2 protein chains.
Amino acid sequence: MARESLGGQLDLLLLSALRAEPAHGYAVIEEVRRRSEQAFDLPESSVYPALHRLEQAGMLDSEWAEVSGRRRRVYRLTSKGRSALGKRRGEWLRLRRGIGAALGEAN
Amino acid sequence: MARESLGGQLDLLLLSALRAEPAHGYAVIEEVRRRSEQAFDLPESSVYPALHRLEQAGMLDSEWAEVSGRRRRVYRLTSKGRSALGKRRGEWLRLRRGIGAALGEAN
DNA sequence: CTTGATACCTCGGAAGCCGAGGTATAGGAT
DNA sequence: ATCCTATACCTCGGCTTCCGAGGTATCAAG
């Protein structure tokens, strides 16, 4: 059931949501929902593993925070993550252009 | 190694390449390459199974043809395929819009 | 007779996504 | 007191997608 509504752009969305400031997972989900104008309501079971993966890959780092009795893991974009974001963005734009051309649109 | 350069839009590209007229697999690959302005050079090992899958799903049908000693399987878009193309296209546009919004572009 | 283009195919596995299910706290309603 | 909803984290299991590697065969050119 791979990649469905998202077209493999999950990492791009997550990195992009963390671009301006650090946030915890749940907040990232809301941020993406807000920014995408309700287009994407990411399931937690996609997001949490993805955040772990991105941290593993050195694009994010995290620390625990305690806010009114609830624990949160707050993620921050690393410099590696920032450059990965640029790269992913470029790939997205190329994809966009390629598909546009293939569909015969005026891009 | 799922979905990489293509962002899960393989079906869209294939259906779209067959939109105007029937073609055989190898020709579809060239057509996509041409239309996408060299952006996509689809590997045969992606395309042939995908064509089988689309036929299985009733979006394409095919027949064998013999052209100067070489056998070709020529695929044609079915009416179901045509409506699937429209649907995929719509999904692509929504994705495009959603990502654009999330990235904070002027679409 | 070898090379390159054309033309088809399958196998196996990596990677990606997410439904289902689980844990826990806080706050408001019943 | 109890329940519900929102917040907040997590894993497991499995379907799907894509594609490198490898295989078969014909034809034309060198």
Side-chain angles (χ1 to χ4, degrees), chain A residues 1-15 17 22-34 39-57 59-60 62-75 88 91-92 95 98-99, chain B residues 1-15 17 22-34 39-57 59-60 62-75 88 91-92 95 98-99:
Chain A
M1 182 202 297
R3 185 306 25 100
E4 197 139 295
S5 41
L6 271 183
Q9 307 305 324
L10 181 57
D11 292 1
L12 176 59
L13 288 174
L14 298 181
L15 293 172
H24 63 287
Y26 205 83
V28 166
I29 292 175
E30 291 179 322
E31 178 69 2
V32 169
R33 183 166 45 227
R34 194 187 61 76
F40 307 125
D41 190 9
L42 306 179
E44 296 179 29
S45 54
S46 297
V47 170
Y48 289 118
L51 290 172
H52 299 337
R53 184 168 42 75
L54 292 172
E55 182 171 23
Q56 195 74 24
M59 301 183 200
L60 301 178
S62 71
E63 59 184 34
W64 284 104
E66 181 88 16
V67 176
S68 66
R70 290 194 200 87
R71 60 203 248 290
R72 296 171 169 180
R73 192 193 278 276
V74 177
Y75 291 92
R88 301 282 184 146
E91 282 164 13
W92 164 252
L95 178 66
I99 302 271
Chain B
M1 181 205 298
R3 175 254 71 62
E4 198 138 295
S5 41
L6 271 183
Q9 306 306 323
L10 180 58
D11 292 1
L12 176 58
L13 288 174
L14 298 181
L15 293 172
H24 62 287
Y26 206 82
V28 166
I29 292 175
E30 291 179 322
E31 177 70 2
V32 169
R33 185 166 44 226
R34 194 186 61 74
F40 306 126
D41 190 9
L42 306 179
E44 297 179 29
S45 54
S46 297
V47 171
Y48 289 118
L51 290 172
H52 299 337
R53 183 167 42 75
L54 292 172
E55 183 171 23
Q56 194 74 24
M59 302 183 199
L60 302 178
S62 71
E63 59 183 34
W64 285 104
E66 181 88 16
V67 177
S68 66
R70 290 195 200 86
R71 60 204 248 289
R72 295 170 169 180
R73 192 192 277 276
V74 177
Y75 291 92
R88 301 283 184 147
E91 281 164 13
W92 164 253
L95 177 66
I99 302 271

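Numbers restart at 1 for each chain; the letters A, B, ... are given by sequence-line order, proteins then strands. Since the model is a prediction, treat every value here as computed from it, not as a measurement. When reading the values below, keep in mind they use all heavy atoms of this one structure, side chains included, and skip hydrogens, waters and symmetry mates.
- Atom pair B:L6:CG and C:dG16:C1' shows a separation of 14 Å (rounding to whole Å applied).
- Both A:L10 and A:S68 lie close to DNA chain C; mapped to their nearest nucleotides by heavy-atom distance, the more 5′-ward contact belongs to A:L10.
- Every residue was checked against the side-chain contact (heavy atoms from CB on, under 4.5 Å) condition with B:P49, not counting sequence neighbours, and none meets it.
- When rounded to the nearest whole Å, the span between CD of B:E91 and P of D:dT17 equals 12 Å.
- Checked against side-chain contact (heavy atoms from CB on, under 4.5 Å), A:R70 has the following partners two or more places apart in sequence or in another chain: A:S68.
- Every residue two or more places apart in sequence or in another chain was checked for a side-chain hydrogen bond (donor to acceptor under 3.5 Å, both in side chains) with A:R71, and none qualifies.
- Annotation: side-chain hydrogen bond (donor to acceptor under 3.5 Å, both in side chains) contacts of B:R53 (sequence neighbours excluded): B:D11.
- C:dT6 atom P lies 11 Å from atom CD1 of B:I29, rounded to whole Å.
- For A:Q56, the CD atom is loosely surrounded, since the number of other residues' heavy atoms within 6.0 Å does not exceed 12.
- Between the P atom of C:dC17 and the CG atom of A:L54 lies a distance of 10 Å, rounded to the nearest Å.
- Contact between the side-chain N/O atoms of B:S46 and the OP1/OP2 oxygens of D:dC19 is found at a separation under 4.0 Å.
- When rounded to the nearest whole Å, the span between CG of A:D41 and C1' of C:dC18 equals 13 Å.
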#### Entry: Footprint string (nucleotides 6-12 of chain D, 5' to 3'): B base within contact, S backbone only, - free, heavy atoms under 4.0 Å
-BBBBB-

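- When the side-chain hydrogen bond (donor to acceptor under 3.5 Å, both in side chains) test is applied to A:S62, the partners found at least two apart in sequence or on another chain are A:E55, A:R73.
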